[in-house]
Amino acid sequence: MSEKTIRVRFAPSPTGGLHLGGVRTALYNYLYARKHEGKFILRIEDTDQTRFVPGAEQYIMDCLRWCGLEPDESPEKGGDYGPYRQSERKPMYRKYAEDLVKKGFAYYAFDTPEELDQMRISFKTEQNPSPQYDQHIRDKMRNSLSLPADETDALLKSNAAHVIRIKMPANETVEFNDLIRGEVSFNTSTVDDKVLLKADGMPTYHLAVVVDDYLMKITQVFRGEEWLPSAPVHIMLWKYLGLEKDMPEWAHLPLILKPDGHGKLSKRDGDRLGFPVYAMDWTDPKTGELTSGFRELGFLDEAFINMLAMLGWNDGTGKELFSLDELCETFSLSRVHKGGAKFDFEKAKWYNHEWIKRSSADDLLDKVKSVFEVKGVTVPDDQLLMMITLVKDRCTLISDFWEQGSFFFKAPASWDLPAIQSKWNADKKVFFESFSDSLSMISDWSFPVIEQEFKTLAASKNIKAGELQLPLRVMLVGGKFGPPVFEIAEKIGRVEMISRIRKTLEMLG
Ligand code: GLU
């Protein structure tokens with residue numbers, strides 16, 4: 001018998017920006033699919049029209065593209081199991097809900113929103129502060145289980161607004177094997193009679209997810225741990241629909257936790273602690289509020305993906321740096337942790353720094369070019385490549401290339417004069433005046449020659465060259481940073497070098 005093709009899906013709801021936990025779910029799906037030569041599917045779960053946000057679907061697709069996680073089947077790309085947007089699959093779901101009613105596993109409920117509100121008030125007790133529509137309450141509500149059959153028929157005939165709810169059995173144990181968490185069990189008494197089909201004929205998430213995982217032949221479901229409490233409902237639905245033999249395997253991924261480990265990382269934590277939680281910038285179309293993303297902050301996609309992969313997984317060897325291809329080869333579910341993973345922004349930046357160092361200047365060129373363009377500075381590619389090669393080991397974010405490298409093309413906007421002044425004296429001043437004069441005489445403008453000239457002059461004036469290097473650096477770049485100072489001197493050129501030394505001397509008085 002031939003092995004089943006692995007088919008996994010990332011099934012986001014288009015309700016706003018994509019949280020890094022969402023991208024990690026997409027990533028683990030993608031890695032599993034690649035490792036097992038399967039298919040990675042993007043399904044847009046947009047049945048809750050009240051939460052639909054324009055632009056969010058496009059944003060999700062752009063995020064996946066930025067991360068290099070291209071789906072094999074998606075709303076954009078199509079595929080044999082489409083449509084890939086649940087709202088476009090609306091006519092497919094009713095028949096499954098009706099089938100459940102026929103088999104006695106679901107029922108019609110006619111309660112109005114007011115009646116539901118009333119229920120929450122009248123059944124509220126100290127032991128049960130938020131009563132739910134469940135086995136204890138369903139008999140007291142208006143549904144096809146509590147009403148006489150002819151009344152139900154009449155209501156249905158008159159097109160009375162109704163939903164279809166699952167009839168959760170009392171006191172049954174639902175057990176399943178989670179690929180990450182092992183044996184999990186729930187008692188059905190703790191689960192309410194969830195709505196499956198809404199009054200407008202749209203399925204809820206619970207019905208749609210089961211029907212679509214079935215129709216799309218999904219073999220494994222990887223999703224966040226926050227969906228674990230919904231698993232018993234889904235498993236009961238697979239059973240009740242008589243589809244159990246096609247049920248996918250389940251894997252609930254550990255949460256990404258706040259830096260202090262207390263609770264799930266939220267967008268608000270990012271705002272509060274000053275780091276992004278979304279993959280890319282997201283502007284809320286209603287409020288216009290901008291939430292910043294890793295990409296725009298200056299993260300490389302390779303680093304972002306590498307960092308996310310390690311939030312909940314490792315290969316057991318202590319290795320930390322993996323490309324997407326390497327992850328596809330090495331990833332295994334058996335090494336995904338059960339416990340939540342604390343998010344650490346400093347560590348995220350460490351990944352980015354390492355990835356900038358590993359990248360070639362050519363790979364970084366376009367990204368650095370955009371940083372310079374935003375600042376209104378256009379530099380020929382060969383010059384930018386030269387600068388990137390010299391400073392990339394010093395950059396943590398792509399935006400750092402401006403601070404670390406703009407002095408090659410533009411005089412500093414300000415100078416850290418106190419850094420020079422603390423050890424400044426008349427002899428040093430004389431030295432720099434002579435040095436700037438001598439620069440005009442250098443015939444072979446290259447850093448070893450400039451350095452030699454600097455050292456010879458220092459020796460002739462009895463000053464340690466080491467003591468003069470820091471002032472020279474500050475004069476050329478504006479501060480105490482940057483690559484080897486004579487290489488900077490060579491690159492910025494004679495005229496500019498003389499001008500920066502003279503300008504600083506003037507400011508030092
Ligand atoms: N639509 C759900 C979400 O937004 C997906 C849950 C699942 O993967 O089953 O996260």
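Counting convention: from 1, in listed order, for ligands and their atoms alike. Just so you know, residue 1 is the first one in the sequence shown, and it goes up from there.
- The aromatic rings of Tyr30 and Phe40 stand perpendicular to each other, their planes meeting at an angle above 60°, with 30° marking the opposite boundary.
- Evaluated for a side chain to side chain donor-acceptor pair (under 3.5 Å) with Asp213, the options Arg43, His234, Gln220 yield exactly one hit, Arg43.
- Considering backbone and side-chain atoms alike, Val209 places every N or O at 3.5 Å or more from each N or O of ligand 1.
- Atom 6 (C) of ligand 1 has its closest protein heavy atom at Tyr205 OH, 3.2 Å.
- If you check which protein heavy atom lies closest to atom 3 (C) of ligand 1, you get Trp227 CZ2, 3.5 Å.
- The atoms of ligand 1 that sit less than 4.0 Å from any heavy atom of Arg9 are 7 (C), 8 (O), 9 (O).
- Atom 5 (C) of ligand 1 has Ala11 O, 3.1 Å as its closest protein atom, hydrogens excluded (heavy atom only).
- Applying the 4.0 Å criterion to heavy atoms of Glu45 picks out, from ligand 1, the atoms 1 (N), 2 (C), 5 (C).
- Taking the six-membered ring for Trp and thresholds of 30 and 60 degrees, Tyr205 and Trp227 have ring planes inclined between 30 and 60 degrees apart.
- Phe343 is listed as a side-chain neighbour of Met307, based on a closest heavy-atom distance under 4.5 Å.
- Relative orientation of the His36 and Tyr32 rings is tilted, given thresholds of 30° and 60° on the angle between their planes.
- Scanning for side-chain contact (heavy atoms from CB on, under 4.5 Å) contacts around His353 gives Lys357, Thr396, with sequence neighbours left out.
- Residue-ligand proximity: His234 is placed with every non-hydrogen atom at 4.0 Å or more from ligand 1.
- If you look at Phe10 next to ligand 1, there are no close heavy atoms at all, none under 4.0 Å.
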